[in-house]
Amino acid sequence: ILRAKRLSIEHKRHKFNRGHIYTYNQGISLVRASYYMVLSPDDCIIPGRLIRLLEGLIRHPSASLAFAPAYTGKDVNSVTGMLGIHGFEHLPRDKESLLTGGQFREILSSLWFNPVPTPSALVRTEAQRHVGGYRYTHPSAGDLEMWLRLSYVGPVVYVPEPVAFYRTHTGSMQHSYKASEYREWIHMVRVYAGMGLTKGMRSLGRELAWTTNFHRRTDLRPAINWLLALAAQPNWVRCLRQMQHSIARRMASLLGHITN
């Protein structure tokens with residue numbers, strides 16, 4: 001990109017912290033190119049790899065999104081893991097794959113986390129304009145909600161080669177979400193419930209049940225938070241019935257105590 005014949009950089013500075021959702025949407029509104037990506041200061045693109053995503057979107061003009069795995073760690077010299085692999089193990093490792101929107105949503109609904117790394121996701125601007133910007137109702141699951149929304153307007157390209165580095169550390173926004181009473185999972189529940197993806201809710205519920213049992217937690221604060229998130233949905237009764245596992249029964253019992 002930096003070797004391009006014409007390079008234009010536009011800088012916008014807020015007088016105070018407007019939050020990431022506002023900032024993302026402002027940045028998207030300024031996009032004039034055919035493709036864009038959100039790249040945070042903590043993250044970086046591996047030199048020469050971004051072209052893989054671009055070529056995928058060019059080869060598949062109906063695709064709304066292309067993404068690839070990303071290395072993770074405290075810095076680029078201490079890689080400790082990789083995002084964007086789980087759920088996609090069955091896909092070829094030597095070439096890109098084109099997933100229908102339904103296939104993509106099926107994979108994401110089978111997991112209890114967002115498997116698409118933001119710094120290695122390239123979005124077609126036309127598709128983004130069609131679905132609209134990021135929503136304020138679930139900021140800690142905004143990326144997941146956006147990927148799912150994009151999958152409704154076009155297929156998704158998966159590139160198996162890592163394209164970016166995603167920095168993880170205790171001061172990151174994602175870490176603070178995970179540490180604040182399951183906030184990220186609560187927002188993921190809202191996303192899946194709002195889109196009618198009950199398989200995703202069941203995956204999250206199983207993980208919550210395992211976490212609660214593993215840590216021998218006796219308090220019900222996580223379940224109460226989940227209950228409040230579900231209760232905010234107009235179809236929460238149907239959602240509770242369709243989850244069909246122990247956490248659903250626990251929350252249903254809680255609901256009886258709260259409403260009586």
Side-chain angles (χ1 to χ4, degrees), residues 12 18-40 43 50 53-68 70 83-84 87-88 96-111 113-159 163-164 173-174 177 184 186-201 203-204 229 232-235 239:
K12 295 282 186 179
R18 303 295 297 268
H20 66 290
I21 298 297
Y22 179 94
T23 305
Y24 290 173
N25 288 336
Q26 182 185 42
I28 291 171
S29 70
L30 298 173
V31 173
R32 293 185 292 271
S34 299
Y35 315 96
Y36 85 92
M37 73 183 335
V38 175
L39 187 64
S40 299
D43 310 327
L50 184 59
L53 299 176
L54 180 59
E55 289 173 343
L57 287 177
I58 292 175
R59 272 192 289 269
H60 304 284
S62 63
S64 58
L65 167 72
F67 78 98
L83 288 174
F88 305 97
E96 69 189 35
S97 299
L98 184 67
L99 301 169
T100 67
Q103 291 172 329
F104 180 74
R105 291 190 293 276
E106 180 72 14
I107 293 173
L108 264 62
S109 296
S110 67
L111 303 171
F113 59 92
N114 173 21
V116 181
T118 302
S120 60
L122 187 66
V123 179
R124 192 180 300 276
T125 307
E126 182 182 1
Q128 179 67 68
R129 297 277 191 262
H130 183 78
V131 302
Y134 284 79
R135 293 173 177 165
Y136 290 89
T137 49
H138 29 252
S140 54
D143 290 333
L144 173 69
E145 195 270 345
M146 180 57 72
W147 311 145
L148 290 170
R149 242 194 301 158
L150 287 168
S151 73
Y152 281 100
V153 299
V156 175
V157 177
Y158 177 73
V159 176
V163 164
M173 181 170 60
Q174 184 188 41
Y177 282 155
E184 184 175 21
I186 293 168
H187 289 185
M188 289 176 71
V189 167
R190 291 177 181 169
V191 170
Y192 285 131
M195 293 187 175
L197 299 174
T198 52
K199 180 178 179 180
M201 295 173 66
S203 299
L204 289 166
Q233 303 299 325
N235 59 345
C239 291

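Computed over heavy atoms, backbone and side chain alike; hydrogens, waters and symmetry mates excluded. Numbers for residues simply follow the sequence, beginning at 1. Note that the structure is a prediction, hence the values are computed from the model and not measured.
For the atom pair CG of Asn25 and OH of Tyr136, the computed distance is 5.5 Å after rounding to the nearest 0.5 Å. For the atom pair Thr118 OG1 and Asp143 CG, the distance stands at 3.0 Å (nearest 0.5 Å). The CG atom of Leu98 lies 6.5 Å from the OG atom of Ser62; values are rounded to the nearest 0.5 Å.
Put simply, the side chain of Thr125 does not reach to within 4.5 Å of the side chain of Arg32, judged on heavy atoms. Counting only heavy atoms from C-beta outward, the side chains of Pro119 and Ser40 never approach each other to under 4.5 Å. Using a 4.5 Å cut-off on side-chain heavy atoms (C-beta onward), Pro115 and Leu108 make contact.
Partner of Val153 under the side-chain contact (heavy atoms from CB on, under 4.5 Å) criterion, out of Glu126, His130, Gln128, Arg124: His130 alone. Of the candidates Met188, His187, His20, Ser140 forms a side-chain contact (heavy atoms from CB on, under 4.5 Å) with just one, namely His187.
Between the side chain of Tyr24 and the backbone N or O of Gly133 there is no donor-acceptor pair closer than 3.5 Å. A donor-acceptor contact shorter than 3.5 Å is absent between the side chain of Ser109 and the backbone of Glu106. Under a 3.5 Å cut-off, the side chain of Thr100 and the backbone N or O of Gln103 do form a donor-acceptor pair. Side chain of Ser120 to main chain of Ala68: a donor-acceptor pair is present (N/O by atom type, distance under 3.5 Å, no hydrogens or angles).
A perpendicular orientation is assigned to the rings of Phe67 and Phe104, their planes being inclined by more than 60° (bins at 30° and 60°).
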Test side-chain contact (heavy atoms from CB on, under 4.5 Å) on Arg59 and Glu96 and set out the steps.
-> CA-CA 10 Å; Arg59 272 192 289 269; Glu96 69 189 35; 2.8 Å; yes

Residue pair Val131, Met146: steps toward the side-chain contact (heavy atoms from CB on, under 4.5 Å) verdict = CA-CA 8 Å; Val131 302; Met146 180 57 72; 4.0 Å; yes

Derivation and outcome, side-chain contact (heavy atoms from CB on, under 4.5 Å), residues Leu197 and Leu148 = CA-CA 10 Å; Leu197 299 174; Leu148 290 170; 4.1 Å; yes

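Residues Arg135 and Glu145 share a closest heavy-atom pair of NH1-OE2, 2.9 Å. In terms of heavy atoms, Leu144 sits closest to Asn114 at N-ND2, 3.9 Å. The minimum heavy-atom distance between Ala127 and Ser64, with the atom names listed, is CB-CB, 3.6 Å. Contact record, Tyr134 with Arg149: CA-NH2, 4.1 Å, taken as the closest heavy-atom pair. Nearest approach of Trp147 to Ala121, heavy atoms of both residues: CH2-CB, 3.7 Å. Considering every non-hydrogen atom in both Arg129 and Val31, the closest pair reads NH2-O, 2.6 Å.
For Leu122, the side-chain contact (heavy atoms from CB on, under 4.5 Å) criterion is met by Tyr35, Met37, Leu53, Leu54, Leu57, not counting sequence neighbours.
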